[in-house]
Protein chains: 2
Amino acid sequence: MPKAQRMAQMLTVAEEIFAEQGYLATSMDEIAERVGVSKPMLYEYFGSKEGLLIGCIHRARTELREKTAAAIAGAGSPEEFLRLGLLAFFEFIDEHRRSWALLRQEAAVAVPSAQEEVEGIRQQQTDMIGAVLASFTPDIDPLEAEAFAEIVVGATERLAVWMERRPSVGPALATDYVMAVIWPGVSARLTKLPAPARPA
Amino acid sequence: MPKAQRMAQMLTVAEEIFAEQGYLATSMDEIAERVGVSKPMLYEYFGSKEGLLIGCIHRARTELREKTAAAIAGAGSPEEFLRLGLLAFFEFIDEHRRSWALLRQEAAVAVPSAQEEVEGIRQQQTDMIGAVLASFTPDIDPLEAEAFAEIVVGATERLAVWMERRPSVGPALATDYVMAVIWPGVSARLTKLPAPARPA
DNA sequence: CGCAGTAGGTTACTCGAAGTAAGTTACGAG
DNA sequence: CTCGTAACTTACTTCGAGTAACCTACTGCG
């Protein structure tokens, strides 16, 4: 089997087993066995157990970024930006429950560099939100814009975890909840609103 | 040394080393050495490495609950409840930066049951917030109240992590940021507002 | 055809750290 | 002063991450 294909297969299997049993409880031998290959192959391609985990996170991160970017491409107003971005996020989580659990709960604790990867995902999101805020409010205090973005990401992430425990709550409703809480506060800070003309 | 005292000492040392190096990179031998005792003593009192970690989390959780409960005791309005609760939380984090990092970043991934303990802390917070919301809006949809509480907790937690990277941001400013984003949205849902009479 | 180089793979180890069995010391009560 | 127990230790076993060394089959080329 060619290398790229084998690596993708390894990531898929590892993601599944990590999500099932947790990072610590999973042995490299087990992953190797389920892939149908011997342990040194995993080390050949990923260097270490941590490297394998990071590979999983990295792949999910790329996918999430692509989906979100595509979703917000057609947005006009800041409200639409936020709403479409949130919806894309919740839909992604909904489709990848297991890997999401892995990313959010397993990776962060186990390994410092995996933690950095997960932080990278958040950074990617806060950057996007911060950019939206700044584009509609050029004179906003940068520190405040950053804080707002962090708050939105934190709220969203937490609600995604909660959504998993509530089968009746889907991506659309989750988006509504987040928007209901944060939009009044966020919009109050936007000076350059889209539809109405800017007052000063 | 009596058992209770020794256990407390072990927790203190373990918390410190876990926070310094991460859960995985810390060996029981190292903790034992720094406590000035042999490894089997740790196992005698905490059963396992995981048990020791959970002990750390549990102690922090108790302390956090006590501080928060004390802080919101004198609150009159829902806004004051939230504000005082948030402030108490950020102050707690500010005083326990290292153990906070441990709880948030290390514990969750490494060990399933540690994760449950951390979720217990969040549960404790969402319950408190949910109760405040419900007490001021008895007719609120319970699911919505839960979602709101999760959002507030998520936003707060995330901002606490961010606060660590921003030395210029203290508990007071962090509280202001969170309130600025969430309060307009939350208050819009409260039917029984404190100062003005309820319209219908 | 035959053979060289390499991609893809394996077996069989080392080593470090979690967890344990069995034994030792200190000390207060009868 | 000796019995019982709480607090503690040394010396293991076991398991899993990571590695060294070796193998195999295919592809291109004289």
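Every chain is numbered from 1 and lettered A, B, ... according to where its sequence line falls, protein lines coming before strand lines. For the numbers below, each heavy atom of this structure counts, side chains included, while hydrogens, waters and symmetry mates do not.
- Among D:dA7, C:dG9, C:dA12, the nucleotide with an atom closest to any side-chain atom of A:Pro40 is C:dA12.
- Counting to the nearest Å, the P atom of C:dC27 and the CE atom of B:Met1 are 13 Å from each other.
- Rounded to whole Å, atom P of C:dG19 lies 10 Å from atom CG of A:Leu24.
- Checking the phosphate oxygens (OP1, OP2) of D:dA6, no side-chain nitrogen or oxygen of B:Arg6 falls inside 4.0 Å.
- Here the nucleotide nearest the side chain of B:Ser38, chosen from D:dG18, D:dT9, C:dT20, is D:dT9.
- Rounded to an integer number of Å, the gap from CG of B:Asp29 to P of D:dT9 is 12 Å.
- As judged by a 4.0 angstrom heavy-atom cut-off over every strand, B:Met28 is placed among residues touching the sugar-phosphate backbone only.
- Distance, A:Glu33 CD to C:dT10 P: 12 Å, rounded to whole Å.
- No side-chain N or O of B:Gln125 forms a donor-acceptor pair with one of B:Arg122 less than 3.5 Å apart.
- Ion pair B:Glu146/A:Arg166 flagged as a salt bridge, since at least one NZ, NE, NH1 or NH2 atom sits closer than 4.0 Å to an Asp/Glu carboxylate oxygen.
- Atom CD of B:Glu44 and atom C1' of D:dT5 are 12 Å apart (whole Å).
- The nearest heavy atom of DNA chain D to B:Lys39 and to B:Met10 marks one nucleotide each, and the one closer to the 5' end goes with B:Met10.
- Within the 4.5 Å cutoff, side-chain heavy atoms of A:Leu82 are placed close to those of A:Met179.
- In this structure, of C:dG19, D:dT9, D:dG18, it is C:dG19 that holds the atom nearest to the side chain of B:Lys49.
- With A:Tyr23 as the aromatic partner, A:Lys49 meets the cation-pi criteria of under 6.0 angstrom to the ring centre and within 45 degrees of the ring axis.
- Residue A:Ser27 has its side chain nearest to D:dG16 when only D:dC8, C:dT10, D:dG16 are considered.
- For B:Tyr43, the side-chain atoms get nearest to C:dT20 when compared with the rest of D:dG16, C:dG9, C:dT20.
- Rounded to a whole Å, the CD atom of A:Glu30 is 13 Å from the C1' atom of D:dC15.
- Counting distance only, with no hydrogens placed and no angle test, the side-chain atoms of A:Lys3 and the base atoms of C:dG8 include no donor-acceptor pair under 3.5 Å.
- Distance CD (B:Gln5) to P (D:dA7): 11 Å, rounded to an integer number of Å.
- Rounded to a whole Å, the CE atom of B:Met41 is 16 Å from the P atom of C:dT25.
- Counting heavy-atom neighbours within 6.0 Å of A:Glu63 CD, excluding the residue itself, gives a total above 12.
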